[in-house]
Amino acid sequence: MNDLTCIIIGGGHVGLGALKAIKEKTRKMANGQRIRFVLLDKQPGHVRKVLMFRPAVGKEDIMIPWTHYEFLEGVEFVQGTVTFVDSGEKQIRYKDTQGNDARIRYDLLVVAVGSVVRQPDSDQGGISLTDLQTAADIRERWRANLQQAVGETNPKERKRLMTIAVAGAGISGIETSAELALEMQKEASSLGLNPSDISVYLLSAQERLFMEGPEKVGRKLDQILSECGVTVLYNRKVMREEAGVVTLNNSDRLQVGLCIWTIGLIPNPALRTMGLPLTPDGQVLVDESYRVQGAPGVYSIGDCTRVVDPKTGKADRMRCGEGGLQADRLGKIVKADLEGSPAPVHKSVMDFFCIGLGENRGLVWGRKWGFDMIITGKFAWKFRNLAWDAGSKLL
């Protein structure tokens, strides 16, 4: 029999998980076919996107070379950007790093291009935490502000230079503001500034934090953030930042040295040129076993996909945890489809969230059978780190 080619588009958490699961599940297939695996990504390594706030705070390197992963042995790597999926000819078109057009034929294709950070309009100012470059820019700007504050004699201007606004209070905004406040306090102290003069405002358009869970979890998060030095302002939406002034929806103004946008995720816009069936929001349409409608041999999972539990009608959130479980199940689905046997179907998971709030600080919340579980402190921080490592297949 001829060998099969399986292409994974996207080397993020979900793409890596899918490749690992499919490779493991199909290793001992008895039909004599071997599978050639190709991983296509625009980056030269795996970027730990859930840790994007880390290089905005310190110098942590969150890119892992593909060669680090033992399970990627024998996998071919192609660096480029997919432009179209021709499901009729079973080939993908992409642009390589030099901008040249190229094509690869596939038998199996997994679309795992994920999501991108939602950005404000260009005239709203500030800087979005979108990628490695903007993270580095954020770090350089707040550090430069603190260094400038050392010699500033005007108390109001010095205070402005030591103030940051984080617009958007989802998990990314919560984790970013907590780590920034703690690191800025350390830097201020080392420069001879008063660390208590550091101000980090987290602006929430909602009436409380963590709308995904109970009110008591939101209150606990507010308490821990306050201990870190973060002030949460509720029912406050940032309208724009201009010349160091943040204007809020109630016309209040904040004098800041930097405004950082963390206003959520949208499905990867690149999907709109690929020729796949999409929802109005831009997610790929799949059946209960992640098969793309009208595209034989093509599967899609993760943030870029509308995944719905057929029993409950509940759609998975755009989160690393859900995508990782989808990836594990996809390995079994592909094996079943190749063997012509019944494939597993999607099942929703229990509500479970873990949030990092700076070193040795964190919060874990889960709900099962109507009961809430809340863990805070060092154990929650360790659990969050384990979750980050598990998502990047480092465990």
Side-chain angles (χ1 to χ4, degrees), residues 48 50-63 126-129 132-169 171-203 209 220-233 244 246 254-262 354-363 376-389:
R48 307 180 70 187
V50 293
L51 289 176
M52 194 62 71
F53 60 88
R54 286 286 178 79
V57 172
K59 290 186 176 181
E60 183 172 342
D61 186 0
I62 61 170
M63 179 179 285
I127 182 170
S128 295
L129 182 55
L132 294 173
Q133 184 57 58
T134 57
D137 291 345
I138 288 169
R139 180 175 181 273
E140 290 307 311
R141 286 179 61 175
W142 70 255
R143 292 184 74 246
N145 283 347
L146 293 190
Q147 290 167 2
Q148 184 178 341
V150 173
E152 180 57 59
T153 57
N154 184 322
K156 289 185 178 180
E157 177 62 10
R158 184 168 62 248
K159 181 63 177 175
R160 184 188 72 82
L161 291 167
M162 299 175 70
T163 300
I164 283 182
V166 177
I171 291 178
S172 178
I174 291 171
E175 293 185 328
T176 299
S177 61
E179 297 242 2
L180 266 175
L182 294 169
E183 191 62 28
M184 289 177 69
Q185 290 164 19
K186 291 180 183 177
E187 183 77 3
S189 181
S190 70
L191 292 172
L193 296 167
N194 187 347
S196 64
D197 288 340
I198 294 292
S199 293
V200 175
Y201 291 97
L202 178 61
L203 287 306
L209 295 175
K220 190 64 178 177
L221 282 169
D222 189 301
Q223 176 190 331
I224 300 173
L225 285 170
S226 179
E227 294 169 357
C228 294
V230 177
T231 300
V232 186
L233 300 181
V246 168
L254 294 175
Q255 305 287 326
V256 302
L258 183 62
C259 176
I260 303 169
W261 297 91
T262 56
C354 44
I355 303 171
L357 296 160
E359 188 173 1
N360 293 324
R361 295 178 175 90
L363 184 144
T376 60
K378 291 183 179 180
F379 183 80
W381 170 248
K382 290 179 180 179
F383 195 96
R384 183 54 163 153
N385 277 277
L386 287 173
W388 281 325
D389 288 348

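The figures that follow rest on heavy atoms only: side chains count, while hydrogens, waters and symmetry mates do not. All values reported here derive from a predicted model rather than from experimental measurement.
Heavy-atom minimum distance, I138 versus A56: CG2-CB, 4.0 Å. In terms of heavy atoms, R158 sits closest to A149 at CD-O, 3.4 Å. G358 and W381 make their closest contact through O-CE3, 3.2 Å (heavy atoms, listed as atom of the first residue, atom of the second, distance). Residues G257 and N145 share a closest heavy-atom pair of O-ND2, 3.1 Å. Shown here for G362 and I224, the closest heavy-atom pair between the two residues is O-CD1, 4.2 Å.
Atom CD1 of I171 is separated from atom CD1 of I355 by 4.5 Å, given to the nearest 0.5 angstrom. The line from CH2 of W261 to CG of L203 is 9.0 Å long, rounded to the nearest 0.5 Å. Atom CD1 of I127 sits about 7.5 Å away from atom CD1 of I260, to the nearest 0.5 Å. Summarising the geometry, atom OG1 belonging to T134 is positioned 7.0 Å from atom CE belonging to M52; distances are rounded to the nearest 0.5 Å. The line from CG of L202 to CD1 of I164 is 12.0 Å long, rounded to the nearest 0.5 Å. Considering CD of E152 and NZ of K159, their distance stands at 14.0 Å, rounded to 0.5 Å.
A search for side-chain contact (heavy atoms from CB on, under 4.5 Å) contacts involving T231 returns Y201, L233, not counting sequence neighbours. With sequence neighbours excluded, no residue satisfies side chain to side chain donor-acceptor pair (under 3.5 Å) with K220. Under the rule for a side-chain contact (heavy atoms from CB on, under 4.5 Å), the partners of R139 that lie at least two apart in sequence or sit in another chain are K59, W142, R143. Under the rule for a salt bridge (charged side-chain N to carboxylate O under 4.0 Å, His left out), the partners of R160 that lie at least two apart in sequence or sit in another chain are E157. Partners of Q255 by side chain to side chain donor-acceptor pair (under 3.5 Å), not counting sequence neighbours: none found. Residues meeting the salt bridge (charged side-chain N to carboxylate O under 4.0 Å, His left out) test with D137, sequence neighbours left out: none. For D222, the side chain to side chain donor-acceptor pair (under 3.5 Å) partners two or more places apart in sequence, or in a different chain, are Y234. In this view, S196 and N194 satisfy the side chain to side chain donor-acceptor pair (under 3.5 Å) rule, not counting sequence neighbours. With sequence neighbours excluded, no residue forms a ring-ring contact (aromatic ring centres under 6.0 Å, His included) with F379. A380 pairs by the side-chain contact (heavy atoms from CB on, under 4.5 Å) definition with V364, I375, not counting sequence neighbours.
Residues D389 and R48 have side chains in contact (heavy-atom distance under 4.5 Å, counting atoms from C-beta outward). Counting heavy atoms from C-beta outward, L209 and L225 have side chains that approach closer than 4.5 Å. With a 4.5 Å cut-off on side-chain heavy atoms, L146 and I198 count as touching.
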Derivation and outcome, side-chain contact (heavy atoms from CB on, under 4.5 Å), residues L193 and V150:
CA-CA 7 Å; L193 296 167; V150 173; 4.1 Å; yes

Candidate pair V232 and L221, rule side-chain contact (heavy atoms from CB on, under 4.5 Å), full reasoning
CA-CA 10 Å; V232 186; L221 282 169; over 6 Å; no

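Evaluation of the salt bridge (Lys or Arg N to Asp or Glu O under 4.0 Å) test over residues 190-201, restricted to residues two or more places apart or in two chains, returns none.
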Check residues 174-187 and write down every donor-acceptor pair under 3.5 Å in which the side-chain atom is one partner and the other belongs to a residue at least two apart or another chain.
from: E175; atom 1: OE1; to: R384; atom 2: NH2; distance (Å): 3.4
from: E175; atom 1: OE2; to: G356; atom 2: N; distance (Å): 2.7
from: E175; atom 1: OE2; to: R384; atom 2: NE; distance (Å): 2.9
from: E175; atom 1: OE2; to: R384; atom 2: NH2; distance (Å): 2.9
from: T176; atom 1: OG1; to: S172; atom 2: O; distance (Å): 2.7
from: S177; atom 1: OG; to: G173; atom 2: O; distance (Å): 3.0
from: S177; atom 1: OG; to: I174; atom 2: O; distance (Å): 3.0
from: E179; atom 1: OE2; to: R54; atom 2: NE; distance (Å): 3.4
from: Q185; atom 1: NE2; to: A181; atom 2: O; distance (Å): 3.4
from: Q185; atom 1: NE2; to: C228; atom 2: O; distance (Å): 2.8

